Amino acid sequence: ALCGCLCPLRMYAPMEGLLTALLVVFGMAVAFASIPRITWEHKEVQLVHFHEPNIYNYSALLLSEDTDTLYIGAREAVFAVNALNISQKQHEVYWKVSEDKQAKCAEKGKSKQTECLNYIRVLQPLSATALYVCGTNAFQPVCDHLNLTSFEFLGKNEDGKGRCPFDPAHSYTSIMVDGELYSGTSYNFLGSEPIISRNSSHSPLRTEYAIPWLNEPSFVFADVIRKSSDSTDGEDDKVYFFFTEVSVEYEFMFRVLLPRIARVCKGDQGGLRTLQKKWTSFLKARLICSRQDSGLVFNVLRDVFVLRAPGLDPVFYGLFTPQLNNVGLSAVCAYDLSTVEEVFSQGKYMQSATVEQSHTKWVRYNGPVPTPRPGACIDREVRAANYTSSLNLPDKTLQFVKDHPLMDDSVTPIDNRPKLVKKDVNYTQIVVDRTQALDGTIYDVMFISTDRGVLHKAVNLESDVHIIEETQLFQGPEPVQTLLLSSKKGKRFIYAGSNLGVVQVPLAFCGEHSTCADCVLARDPYCAWSRQTDACVTLQETEDPSSQLIQEMSGDVSSCPDKTKESCRQHFFKYGSTVELKCFQKSNLAQVFWKFQNSVLKVESPKYGLVDGKNLLIFNLSEGDSGVYLCLSEEQVRNKMVSRVVAKHVLEVKHILPRPELPTLPAVQTEGSWIVPKVLAASIPGSPPPTPAVEVSSPRAVTPAPRPVTPAPRPTPTSMSCETKIVINTAPHPLPEKTMYLSSSDNRLLMSLFLLFFVFFLCLFLYNCYQGYLPGHCLKFRSALLFGKKKPKSDCCDREQSLKETLVEPGSFSQQNGEQPKPAQDTGYETEQDTITSKVPTDREDSQRIDDLSARDRPFDVKCELKFADSDADGD
Ligand SMILES: *[C@@H]1O[C@H](CO)[C@@H](O)[C@H](O)[C@H]1NC(C)=O
Ligand SMILES: *[C@@H]1O[C@H](CO)[C@@H](O)[C@H](O)[C@H]1NC(C)=O
Ligand SMILES: *[C@@H]1O[C@H](CO)[C@@H](O)[C@H](O)[C@H]1NC(C)=O
């Protein structure tokens with residue numbers, strides 16, 4: 001059976017690679033792009049949203065850069081919003097399906113609630129004052145003009161057949177070129193007749209309805225490439241269509257899909273007799289996107305973006321997946337326009353040949369090609385030969401192009417390999433921006449959305465791909481269906497449409513990087529550190545002179561200004577409790593480790609633990625834990641390891657005997673017995689030098705001086721600015737309930753509880769065994785007891801079970817190393833700090849300190865001078 005599956009493969013060499021990708025790619029040594037360096041949760045960054053209640057499927061976006069207006073086509077509605085703040089709606093118009101149309105649609109077996117509605121599919125500029133809009137209109141596609149002044153439909157009621165699909169689930173693409181709509185979609189109710197057409201009053205054209213022209217295509221994108229202004233050969237504007245279709249050239253057990261690029265000439269008028277009202281310039285070719293070294297072939301096209309920049313020939317960026325994508329693979333390939341044009345203007349054609357009576361095979365055509373060249377646009381040379389229009393092209397040429405629309409040569413990507421290959425993600429849409437870094441280097445930044453509402457931002461740095469960041473665009477995992485990039489100078493955005501709404505995203509989140517090192521290590525060509533403002537700024541928006549900016553795309557942080565004053569956070573905790581020390585490290589690529597008294601902590605030990613891979617937990621605090629804790633991060637940047645101190649905590653553990661007046665304080669008896677004696681906190685930093693530290697680090701700490709309770713003068717702002725929190729343990733009694741069972745003196749209670757459970761469990765086990773609920777040895781044991789009345793049947797089943805597990809294993813492949821690392825969010829674990837913050841008495845005198853506390857999530861917000869002797873570890 002295996003041979004039956006693999007043997008035909010040998011016959012078609014190009015198929016081999018294709019199939020490798022179709023089959024599951026296990027254990028392949030492919031350099032996939034690594035995970036995004038930074039994850040922005042939905043709430044973490046500021047995004048602007050637009051959605052209207054009870055309106056869904058925001059699938060069509062159109063940006064008018066002149067008026068800063070974004071037009072949004074949704075289900076049964078079109079909106080105009082402010083492009084600079086899409087939450088500001090300017091106009092709206094509804095376009096509902098009439099009752100009888102809906103009833104007719106439902107009669108044909110379509111769903112009244114989901115399908116028999118008007119989905120806007122075409123939203124194109126018609127003139128300065130009107131848009132051309134088409135909708136599915138309950139399986140009776142219709143087009144209309146939308147007046148932008150009154151924001152009302154003119155009621156033209158044009159037949160939308162061939163411009164807009166009947167079924168909202170069918171693929172479509174369209175582009176307005178000089179007032180004529182070029183579209184690729186299906187022409188009938190069933191969606192079985194594909195068409196690429198031009199809607200034009202004087203010369204409507206369409207494709208032949210024939211398999212060699214279009215074979216079950218799934219349309220992805222269309223755009224016009226204008227002839228270059230300095231052209232001398234009188235060339236024509238060309239419209240390119242991108243789609244995936246069932247291949248005719250590869251035959252296999254199942255339908256092999258292939259990505260295609262097709263093009264037609266704007267000046268095409270159709271043939272006079274042959275190809276009447278049909279394209280005479282329709283040619284298509286295969287797009288190649290594969291990794292030769294690994295045999296990975298990406299043969300399903302998902303989206304295309306045309307990158308245009310001054311002084312640059314347009315570049316086509318294509319987003320691909322393999323046909324069977326159970327492991328979530330995606331790739332981006334880029335194609336030069338010149339490569340594409342060469343294939344169409346000089347490439348070989350394919351020809352169908354009949355083998356064994358009825359079977360046809362597509363092979364390279366090596367015979368003579370008629371002149372003018374079939375499928376070529378009418379240019380100066382053709383005109384010189386007296387062919388001024390496609391209408392007077394010779395029949396020979398027209399017949400040839402009718403039979404040979406497919407090129408044998410394929411379009412190969414730039415550098416002959418993908419720009420990016422990513423695992424564990426299904427990309428849906430792509431836009432690309434060309435930007436200039438501070439040093440003048442040009443970068444093409446790719447913004448790619450996923451089927452789970454995430455936007456990746458990737459850039460090629462030297463030979464490898466760096467995914468700068470990922471942003472969760474929506475609250476839930478919504479598939480992103482449309483991406484649009486504004487190209488105007490100034491404040492620029494990406495607009496993403498989904499079923500539930502539209503979101504506006506800036507190109508960079510530079511302001512989120514709070515230190516120079518963070519800003520530089522992001523390696524984001526849009527961001528630079530400003531010495532002037534001491535902030536990470538967006539390069540295109542800043543006024544700062546470039547001499548005051550730091551940007552190192554190599555990730556070299558050495559030019560960052562030294563932090564003269566070490567920032568730190570200082571805590572006081574009670575004896576025997578657990579503490580979580582935070583480390584604000586956004587990079588998913590960095591390795592975090594902790595140092596205490598200059599030695600690296602082993603976090604697997606029972607004493608320590610890590611939360612989210614970065615915050616340190618210290619259990620069962622004792623005096624020995626007082627001291628300086630450093631959170632260090634190590635990150636591989638190119639071939640270098642960059643390590644730096646991310647956070648510094650000074651910890652002091654207090655062990656204070658109960659004092660008679662303490663229990664009368666209201667705070668003492670609260671849950672967890674936190675005492676937050678503000679007087680005490682204030683007094684320590686303000687008190688004369690080093691006594692408190694000595695107290696703590698020495699055994700004498702058990703009997704501290706009563707001094708702190710006396711009201712002390714308000715501390716100076718500098719000493720206050722470090723987050724000082726004191727928690728006193730009124731040890732040895734009364735212990736708070738939640739820690740009671742863990743203290744050694746109460747082990748007896750724990751033991752008896754444990755014994756009780758053990759006996760209970762044993763009883764349960766014996767009973768179940770007796771009843772025969774438990775398999776395996778237990779049954780053997782039981783049957784031995786019951787004189788072998790029943791035979792244990794477990795062995796075979798056990799093996800089956802393990803077999804199942806082995807089979808399941810490959811599936812887990814797609815889950816491991818997920819592209820969306822778990823949010824570095826609150827784990828619900830309430831830290832001591834949290835508790836304290838909420839319980840600090842609101843004394844006016846100390847309100848400032850409370851403010852400081854609430855700002856604790858930014859470790860570098862405050863600077864402090866260490867006033868304790870136990871912090872002397874910090875000196876080195
Ligand atoms: C329209 O949006 C709804 C709501 O999210 C979704 O269930 C449906 O699949 C969408 N329909 C199409 C055709 O996109
Ligand atoms: C083009 O047509 C003109 C006039 O009909 C004729 O004189 C000329 O020879 C033709 N040129 C070619 C290249 O056929
Ligand atoms: C990608 O899509 C495929 C098919 O829809 C699905 O099986 C797979 O789980 C998806 N992978 C990811 C990472 O979303």
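Please read these numbers as outputs of a predicted model, since none were measured by experiment.
Residues Glu635 and Arg37 are paired through a salt bridge, judged by an N-O separation under 4.0 Å between the basic side chain and the carboxylate. Ion pairing of Lys488 with Glu65 is absent here, as no side-chain N (NZ or NE/NH1/NH2) approaches a carboxylate O to less than 4.0 Å. A salt bridge is absent between Asp313 and Arg308; no separation between the charged side-chain nitrogens and carboxylate oxygens falls under 4.0 Å. Taking the charged nitrogens against the carboxylate oxygens, Lys607 and Asp625 do have a contact shorter than 4.0 Å, which makes a salt bridge. The residues Glu44 and Lys586 are annotated as salt-bridged, a charged nitrogen and a carboxylate oxygen being separated by less than 4.0 angstrom. A salt bridge links Asp433 with Arg492; the closest basic N to acidic carboxylate O contact falls under 4.0 Å.
Side-chain contact between Val579 and Leu617 is absent, with no heavy atoms from C-beta onward closer than 4.5 Å. Contact of the Tyr427 side chain with the Ser449 side chain is not registered, since no non-hydrogen atoms from C-beta on lie closer than 4.5 Å.
Side-chain N/O atoms of Thr39 and Asn588 include a donor and acceptor closer than 3.5 Å. There is no side-chain donor-acceptor pair under 3.5 Å between Trp529 and Gln551.
Taken as a pair, Cys510 and Cys536 fail the criterion of an SG-SG distance shorter than 2.5 angstrom. The SG atoms of Cys631 and Cys583 sit under 2.5 Å apart. The SG atoms of Cys519 and Cys527 sit 2.5 Å or more apart.
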**Asked** Would Asp424 and Ile35 satisfy side-chain contact (heavy atoms from CB on, under 4.5 Å), going step by step from the backbone distance to the final call?
**Response** CA-CA 10 Å; Asp424 298 320; Ile35 57 170; over 6 Å; no
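Around atom NE2 of His513, more than 12 heavy atoms belonging to other residues, nucleotides or ligands sit under 6.0 Å away.
When ring centroids are compared, Phe596 and Tyr629 come within the 6.0 Å threshold.
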